[in-house]
2 protein chains.
Amino acid sequence: MVAFHDPSDENALTKRFRDAGIQVTPQRLTIADTLFQCEKHISAEELYLQVREKNPRIGLATIYRTLHILKEKGLVEEHRFNDEFSRYEVKDSTHHDHLICIECGKVVEFGQPVIEHLQDLAAEEKDFTIVSHKLEIYGICKDCRDRKAMKKR
Amino acid sequence: MVAFHDPSDENALTKRFRDAGIQVTPQRLTIADTLFQCEKHISAEELYLQVREKNPRIGLATIYRTLHILKEKGLVEEHRFNDEFSRYEVKDSTHHDHLICIECGKVVEFGQPVIEHLQDLAAEEKDFTIVSHKLEIYGICKDCRDRKAMKKR
DNA sequence: TTGACTGCAAAACTTTTGCAAAAAC
DNA sequence: GTTTTTGCAAAAGTTTTGCAGTCAA
C-alpha cells in the first residue's frame, strides 16, 4: 500500500503524459502517481488527502482539474456507484465491470467479455453506435451475508 | 404529454400509497401523479417545476422527501447517468436497461433478459448475493451520428 | 516570453436538515 | 391528541470557476 517513490515511475508517467498530449507539471505527476498506485476506486477527496501528504500546497481544485484531464485523455475512468460522489480508477486495457455490496460498499471487479456481444445486439436494434458500457451488479457480499446471518441469532 | 387530471388516477394512486404503507397527503399525490404521468427519467428539479404548476406551494424539499419514500417503497427507481444529477423513473415489473447517447443525452430503454443469467455466473464466482443490476450502454444515437456526418461536409 | 497551470477563496449546484406551523391518523 | 408531514430557509457536500500569481515550454 505504501509504495516507495520510485523515480522511474515518474519517468514512465512523464512519458505517458506526453504521449497523451498532457502538459507535465509536478502537481499532475504527484496526483497521477498517487492515483496510479492507490487501490481502486478512490474519491477526489481521498485522493486530495493522500496527495496532500506528499505536497500540502496542492489544492483540491487542481485534483479535480487533473482528474478531468486524465479522464478526457482516457487514462482514468469515473464511476458513480450507488448514490455516492464520483470515484476514479485507472483505466487499463482490459474492460471489467463491478459488483457492489449494498451493505458495506465494497467493490469487486469482474471481467465479462460476453456482454460485449450482447450489447451489440441491443444497440443495433436501437441504432446506437456503442462507445462504452457500464454494468454494475448490486448485491450482498459474503462477509455481510455472514454478518447478517449471525445477527439473527 | 400534457395529460388531463383524471380523478380516477388519484384514487388509484391513493390505493397504491396505502398498499405500500405510505401516508397519503395531497402533496405526495400531486408529486407522484406528475411523476407517473411524465416521460421517463425526470430530475428532481424538473419534477419540481412541473409540480409547481399544479400547486406552487409545494417545496423542493418535499419533492426530495417524497422521492426518497417512493424509492424506498420500490415505486420509483433512481438513476445517475453519466455525470449528471439523479433522475427518476417509475418502476414497472419488467426490468430494463438503458442506452444513453453521449452527444445529446437521450436515453432509450431496452430489455435484456439474458443478462440476468450472466450476472448470476459472475456473482456466484465472487460469492455475492445479487439484488439488482444496472447496465448502461453509452454510445451515439442515429440522429447525432447523422448530424456529425453532416458537419464533416 | 507567452500561454497554460496553480492556489485560494468564493460560487454553483444538488440534496439534506432544523424547526415552527399545519395536516393526517 | 399524538405523530407525521410541510415549507421555508439555511446548511451540507461535492464540484466548478474567477483571478492574480507562477511555472512549463
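Below, chains carry the letters A, B, ... as their sequence lines are ordered, and counting in each starts from 1.
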Excluding sequence neighbours, so at least two apart, what forms side-chain contact (heavy atoms from CB on, under 4.5 Å) with [X]?
{"X": "B:Glu46", "value": "B:Ile42, B:Ser43, B:Arg87"}
{"X": "A:Arg16", "value": "A:Phe36, A:Leu75"}
{"X": "B:Asn55", "value": "B:Arg57, B:Ile58"}
{"X": "B:Lys142", "value": "A:Asp127, B:Arg145, B:Asp146"}

What pairs of donor and acceptor atoms, side-chain ones from residues 60-70 of chain B against any protein atom, are under 3.5 angstrom apart with sequence neighbours left out?
unit_1	atom_1	unit_2	atom_2	d
B:Thr66	OG1	B:Thr62	O	2.7

Partner residues of B:Glu109 under the side chain to side chain donor-acceptor pair (under 3.5 Å) criterion, sequence neighbours left out: B:His96

B:Glu45: partners by side chain to side chain donor-acceptor pair (under 3.5 Å), with sequence neighbours left out: none

Any side-chain donor near an acceptor of the partner, B:Thr34 and B:Gln50, under 3.5 Å: no

Given DNA chain C, 5'-ward residue of the pair A:Thr66 and B:Pro26, judged by closest heavy atom: A:Thr66

Net bend of the helix from C:dT1-D:dA25 to C:dC25-D:dG1, end axes of five pairs each, nearest 10 degrees: 40°

What is the distance, to the nearest angstrom, from the [atom1] atom on [X] to the [atom2] atom on [N]?
{"X": "A:Ile31", "N": "C:dG7", "atom1": "CD1", "atom2": "P", "result": "8 Å"}
{"X": "A:Ile58", "N": "C:dC5", "atom1": "CD1", "atom2": "P", "result": "15 Å"}
{"X": "A:Leu29", "N": "C:dC5", "atom1": "CG", "atom2": "P", "result": "13 Å"}
{"X": "A:Asn55", "N": "C:dC5", "atom1": "CG", "atom2": "C1'", "result": "14 Å"}
{"X": "A:Phe17", "N": "C:dA4", "atom1": "CZ", "atom2": "P", "result": "18 Å"}
{"X": "A:Leu67", "N": "C:dC5", "atom1": "CG", "atom2": "P", "result": "15 Å"}
{"X": "A:Ile42", "N": "D:dT15", "atom1": "CD1", "atom2": "P", "result": "13 Å"}

Set of residues satisfying salt bridge (Lys or Arg N to Asp or Glu O under 4.0 Å) with respect to B:Lys106, sequence neighbours excluded: B:Asp143

Produce the list of close N/O pairs, under 3.5 Å, pairing protein atoms with atoms of nucleotides 2-5 of chain D; give distances to one decimal.
unit_1	atom_1	unit_2	atom_2	d
D:dT4	O3'	B:Gln23	NE2	3.4
D:dT5	OP1	B:Arg28	NH1	3.2
D:dT5	OP1	B:Arg28	NH2	3.1
D:dT5	O5'	B:Arg28	NH2	3.4

Sugar-phosphate, base or nothing in reach of B:Arg18, heavy atoms under 4.0 Å: sugar-phosphate

B:His133 vs A:Tyr138, ring pair (Phe, Tyr, Trp, His ring centres under 6.0 Å): CA-CA, chis, key distance, verdict: CA-CA 5 Å; B:His133 78 253; A:Tyr138 294 87; 9.4 Å; no

Nucleotide-resolved protein contact map, nucleotides 9-21 of chain C, B/S/- at heavy-atom distance under 4.0 Å: -----SBBBB---

From CA spacing to verdict: salt bridge (Lys or Arg N to Asp or Glu O under 4.0 Å), B:Glu78, B:Lys71: CA-CA 7 Å; B:Glu78 186 180 5; B:Lys71 192 173 62 161; 2.4 Å; yes

